[in-house]
Amino acid sequence: MELEDLKQLIELLKETDITEIQVEKEGTKVKIKREKFFQPLEAAAPKSPSVQESLIKKEIEDEMQRLITVTSPIVGTFYRSPSPEAPIFVETGLRVKKGQVLCIIEAMKLMNEIESEVDGILLKALVENGQPVEYGEPLFLIEPL
Amino acid sequence: MELEDLKQLIELLKETDITEIQVEKEGTKVKIKREKFFQPLEAAAPKSPSVQESLIKKEIEDEMQRLITVTSPIVGTFYRSPSPEAPIFVETGLRVKKGQVLCIIEAMKLMNEIESEVDGILLKALVENGQPVEYGEPLFLIEPL
Amino acid sequence: MKLFKKILVANRGEIAVRIIRACKELDIKTVAVYSDVDKESMHTKLADESVCIGPANSAQSYNNIPGILTAAEITDSEAIHPGYGFLSENPQFAEACLSSGIIFIGPSADSIRLGGDKAKARQTMKRRGVPVVPGSDGPVVTEEAALKIAKKIGFPVIIKASAGGGGRGMRIAKEEPEFEKQYYMAQREALTAFGNGELYIEKYITEMRHIEVQILGDSKGNIIHLGERDCSIQRRHQKLIEESPSFIATQKFRKKIGDYAVKAARALKYRNAGTVEFIVEPAGNIYFMEMNTRLQVEHPVTEYVSGVDIVKEQIKIAAGLPLEWKQIQIKLSGHAIECRINAEDPERFIPCPGKITFLALPGGPGVRVDTAAYNGCVIPSHYDSLIAKLIVHGRDRAEAIARMKRALDEFIIEGIKTTIPFHKKALNSPAFIKGDFTTGFIEKMNAPVQNTGKESA
Amino acid sequence: MKLFKKILVANRGEIAVRIIRACKELDIKTVAVYSDVDKESMHTKLADESVCIGPANSAQSYNNIPGILTAAEITDSEAIHPGYGFLSENPQFAEACLSSGIIFIGPSADSIRLGGDKAKARQTMKRRGVPVVPGSDGPVVTEEAALKIAKKIGFPVIIKASAGGGGRGMRIAKEEPEFEKQYYMAQREALTAFGNGELYIEKYITEMRHIEVQILGDSKGNIIHLGERDCSIQRRHQKLIEESPSFIATQKFRKKIGDYAVKAARALKYRNAGTVEFIVEPAGNIYFMEMNTRLQVEHPVTEYVSGVDIVKEQIKIAAGLPLEWKQIQIKLSGHAIECRINAEDPERFIPCPGKITFLALPGGPGVRVDTAAYNGCVIPSHYDSLIAKLIVHGRDRAEAIARMKRALDEFIIEGIKTTIPFHKKALNSPAFIKGDFTTGFIEKMNAPVQNTGKESA
């Protein structure tokens with residue numbers, strides 16, 4: 001192994017999180033060790049999840065970011081149907097169209113219809129029927145199509 | 001592996017965070033280890049002085065650490081001579097012996113003689129004659145011999 | 001004592017904290033409402049429940065009537081305390097509370113309206129024998145009629161918007177030639193600011209003290225006052241230092257101004273806590289200025305000298321309880337001073353929002369701090385710049401001043417600029433110490449040449 | 001009013017801060033002394049000057065008489081305020097001040113000595129007609145003589161060191177057989193702790209309230225009292241909650257115990273502020289316990305109800321000024337409670353020094369905080385664990401309790417354990433609320449089975 005090879009090897013390591021490498025070849029033996037790469041600083045290190053966990057988490061996060069969260073534009077009471085007897089506006093798992101009414105927020109005896117801003121699938125309702133909601137409170141998750 | 005190669009190898013390592021390298025080749029065995037990389041972590045980096053400045057500072061600090069600081073063991077008034085008319089105990093730049101009186105701290109009309117704890121040279125007096133001093137206040141710098 | 005089970009506090013900052021404290025001591029649950037930038041605010045943390053009612057913009061949050069009433073409904077709040085500012089003097093809000101079956105802790109919508117119409121209030125007071133600054137008898141209708149009145153009372157005059165108050169919507173005409181211009185300027189301003197161009201005219205008084213009287217009225221028609229506050233230390237009509245008693249108040253003076261204040265409150269059929277503001281000339285003439293139909297920022301000064309917890313009394317009055325005191329039972333003792341600590345540059349008074357990186361509050365005897373600030377909190381740029389009120393009490397004015405000075409020295413706020421340096425300067429100024437000042441105090445204090453001239457004279 | 005130019009404060013922590021505050025308000029310069037671990041302490045930062053007098057060990061710093069007097073000399077201090085603890089009840093220190101020409105802000109060395117000799121003080125009081133707990137007439141000389149007295153007064157008895165006080169150097173003998181053992185144990189403890197084996201004997205009273213009276217005496221021989229404090233909420237003789245007035249004090253009771261206290265102070269020719277402690281039995285019997293010849297930790301409780309700034313009065317008295325009040329002019333109003341916030345585990349009361357990582361102090365009406373703590377400060381392990389006193393004032397006891405509860409909720413100290421949870425529990429306990437407690441309160445509160453038994457009874 002020539003110096004040039006060594007150089008390349010070292011260069012190679014730079015981009016990785018490898019901390020030790022040993023090579024034996026044709027009577028040449030090379031061992032390179034280094035400090036923990038990435039520097040997840042000592043203090044923070046014990047808390048940080050494994051790389052794999054991080055990746056899974058990241059995927060979920062990416063997935064979540066694709067979804068659209070419908071939040072309440074006002075304080076009020078959340079209703080999924082126009083009246084107690086009527087069927088609910090949209091069942092979970094079904095398609096919704098942009099402009100379609102998703103729910104009602106009642107405030108001061110006024111029924112405020114909340115419409116979907118996108119075409120998509122209503123994945124999840126985050127609030128129970130009849131519950132009070134704050135300004136900005138997440139109501140639904142929609143997967144846009 | 002020639003000296004020139006080694007030099008280059010060392011040069012190579014400078015830019016990296018490698019802490020140990022071992023090469024065995026044709027009966028030559030080289031092992032290079034070093035302290036944790038420069039580490040002034042990103043956050044601290046901008047504040048840290050240049051390497052050269054650090055070295056100079058370090059030298060001064062080392063020099064300072066060799067010196068002995070005589071501090072006041074009590075609160076009181078600092079006098080460099082036994083009485084206003086008498087000559088001062090030790091002039092700056094002169095040798096002092098262990099146990100030799102360096103000054104007096106007056107407290108409650110009592111004259112407390114402060115002795116040198118080492119043989120050395122009295123480099124500097126840090127307090128003016130007749131000034132009040134606190135507990136722990138530095139009085140003299142002595143270079144031990 | 002049957003009060004309320006739960007009160008919604010329709011405000012933020014130190015006054016929301018103040019109200020929550022009173023409720024806690026009365027064993028009443030509290031609901032905080034907040035805008036999304038106030039999620040980490042102290043009032044949100046201290047209340048038993050909290051509801052986000054809108055974005056930072058106060059029109060959509062702290063001034064959002066349907067949002068606040070809905071928050072009250074979904075939390076089963078029985079009453080709403082509006083604090084000061086925001087909806088506290090909004091008669092529509094008081095009415096909306098009433099029609100929603102929620103008790104508004106304050107006066108009736110009618111009292112608020114009467115207090116808010118400055119020209120009409122002037123007329124009402126005059127009729128009831130409360131002296132007003134010489135000027136028009138109610139609103140003026142045309143520029144010609146206004147000029148006629150101005151000439152009668154003599155220049156300078158001040159042209160004010162009927163819907164104004166608190167220093168907004170005012171124009172001064174120093175002499176006749178500029179009257180026309182100022183009249184139309186005032187009218188335009190009034191229209192822009194209040195959507196109502198109605199004006200009235202008063203003699204412009206340059207040398208004056210601003211002295212106000214704290215009023216408490218119950219639902220049975222009993223009205224008492226808790227003495228006066230001197231709020232003459234102002235900058236552009238914004239109060240900075242308040243004290244009680246006023247340096248110039250004798251027993252006789254207090255009786256007189258107190259009687260006027262009670263008369264004024266009675267004219268408005270006033271219920272709950274309110275403040276009657278007066279102009280007092282150096283010669284001693286007292287003129288009604290306006291009535292503030294709400295809790296005042298500077299109420300702690302009166303609490304200290306009277307021993308009455310004004311916020312608790314507001315709640316008791318709203319619950320229908322009669323006043324516990326007759327006028328004669330109100331005893332004032334000692335001297336109290338308040339300094340308003342604003343997040344402002346202390347020289348130019350420019351707001352300075354941001355993060356408080358270190359906070360140390362003063363303590364010890366006779367010191368009260370009302371604040372919603374804490375270590376590491378952020379003062380948002382959307383609301384007013386008051387971050388703390390430092391109030392002290394002493395046996396006499398000299399002790400109160402000494403105490404305030406040492407408390408200001410202990411008060412450390414890092415990360416943002418505050419008015420603390422201004423207060424230190426003001427409290428050391430000879431005019432303040434002597435008690436010899438008018439509303440022109442700050443201009444004089446900041447004019448060193450003039451000061452030196454005066455001192456050598 | 002000619003007082004002092006400069007005072008040295010020979011203490012640390014909250015009481016040093018309290019004294020510096022009083023000096024600042026009186027326009028007197030201050031000198032802080034500190035041990036090297038206290039360099040960043042608040043008292044060091046607040047004083048005009050500060051002098052390091054020794055290492056952490058208090059024998060070489062806060063109890064270092066030559067060091068403190070030298071610090072006074074080199075800073076040209078005219079007087080020394082000793083606070084409480086440390087040198088405050090050390091007659092040698094008072095004498096050393098005198099002979100150094102520095103005014104000791106406190107009583108004479110003779111008064112301190114008389115107050116410190118518990119057996120002699122008993123004798124003195126008895127002679128002057130102040131009732132003492134049945135027991136020996138001064139110190140006892142032999143075990144036989146002591147036993148004879150014990151049998152006469154009846155078991156259980158308590159054997160106390162003449163040089164003791166504040167709960168140290170005491171042994172209880174429940175019945176005759178164990179008397180001898182306890183006697184010699186007490187003697188050995190007294191010798192070890194105080195270098196003085198002199199003992200005296202008292203009837204051991206198990207059910208009692210600890211009630212004390214604040215005294216002020218001037219150099220002209222005028223002595224007044226400022227009412228009583230009830231300090232029955234104690235753990236192993238360490239007070240945790242104090243209040244004024246006592247729940248059990250009628251006007252008549254206050255007159256009686258106040259008269260005793262003034263008599264006691266007069267017997268010691270007492271000058272400056274002091275406290276006479278009494279044992280009060282449920283049946284109402286009052287017995288002199290001891291006199292503390294210094295400022296007391298819990299003095300703010302009395303300041304709140306009397307309106308007298310006790311620390312300022314100490315300084316004025318030391319400067320030779322006569323008392324401003326006659327007894328009849330002292331008016332007590334409202335109710336005050338103090339909770340001692342210690343850096344201790346709230347269950348087992350084990351000291352918990354360390355760094356305060358976040359601090360939020362309570363505020364608003366009727367709340368006073370005396371502390372030397374600030375955000376990020378370190379509570380050293382070398383000194384006592386008191387980090388803050390939270391004192392509240394209300395119109396009556398119910399309001400004071402409600403106020404204390406809400407203030408405790410607002411008081412946030414992170415990084416170390418404190419007694420705040422203990423106080424919350426105590427203030428919610430039915431016995432405390434009813435005012436029905438003795439010095440055994442904490443043991444009873446922490447014994448849930450017993451409590452339940454009582455409630456169902």
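Chain letters run A, B, ... following the sequence lines, proteins first and then strands; every chain starts at 1.
Put simply, CD1 on D/Ile241 and CD1 on D/Ile337 are 8.0 Å apart, with the number rounded to the nearest 0.5 Å. We find the CD1-CD1 distance between C/Ile317 and C/Ile315 to be 10.5 Å, quoted to the nearest 0.5 Å.
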Between chain D and chain C, identify all donor-acceptor pairs below 3.5 angstrom, including backbone and side-chain atoms.
residue  : atom : partner  : partner atom : Å
D/Arg21  : NE   : C/Glu410 : OE1          : 3.1
D/Arg21  : NE   : C/Glu410 : OE2          : 2.8
D/Arg21  : NH2  : C/Glu410 : OE1          : 2.9
D/Glu25  : OE1  : C/Arg403 : NE           : 2.9
D/Glu25  : OE1  : C/Arg403 : NH2          : 3.0
D/Glu25  : OE2  : C/Arg403 : NE           : 3.0
D/Glu25  : OE2  : C/Arg406 : NE           : 2.6
D/Glu25  : OE2  : C/Arg406 : NH2          : 3.3
D/Asp309 : OD2  : C/Arg403 : NH2          : 3.0
D/Lys312 : NZ   : C/Glu399 : OE2          : 2.5
D/Glu324 : OE1  : C/Arg395 : NH2          : 2.5
D/Glu324 : OE2  : C/Arg395 : NH1          : 3.3
D/Gly364 : N    : C/Val369 : O            : 3.0
D/Val369 : O    : C/Gly364 : N            : 3.0
D/Arg395 : NH1  : C/Glu324 : OE2          : 3.3
D/Arg395 : NH2  : C/Glu324 : OE1          : 2.5
D/Glu399 : OE2  : C/Lys312 : NZ           : 2.5
D/Arg403 : NE   : C/Glu25  : OE1          : 2.8
D/Arg403 : NE   : C/Glu25  : OE2          : 3.0
D/Arg403 : NH2  : C/Glu25  : OE1          : 3.0
D/Arg403 : NH2  : C/Asp309 : OD2          : 3.0
D/Arg406 : NE   : C/Glu25  : OE2          : 2.6
D/Arg406 : NH2  : C/Glu25  : OE2          : 3.3
D/Glu410 : OE1  : C/Arg21  : NE           : 3.1
D/Glu410 : OE1  : C/Arg21  : NH2          : 2.9
D/Glu410 : OE2  : C/Arg21  : NE           : 2.8

| task | Begin from the C-alpha positions of D/Ile412 and D/Leu359 and carry the test side chain to side chain contact (heavy atoms under 4.5 Å, CB included) through to its verdict. | result | CA-CA 6 Å; D/Ile412 298 169; D/Leu359 178 71; over 6 Å; no
| field | Residues D/Leu3, D/Ile28; criterion side chain to side chain contact (heavy atoms under 4.5 Å, CB included); working and verdict | value | CA-CA 8 Å; D/Leu3 295 170; D/Ile28 297 169; 4.1 Å; yes
| query | Does the side chain to side chain contact (heavy atoms under 4.5 Å, CB included) test come out yes or no for D/Ile413 and D/Phe358, once each step is laid out? | reply | CA-CA 6 Å; D/Ile413 302 178; D/Phe358 181 80; over 6 Å; no
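Here C/Pro365 is the residue among C/Pro365, C/Ala360, C/Pro362 with the most heavy-atom pairs under 4.5 Å with chain D.
Using a 4.5 Å heavy-atom cutoff, the side chains of C/Leu46 and C/Val17 are in contact.
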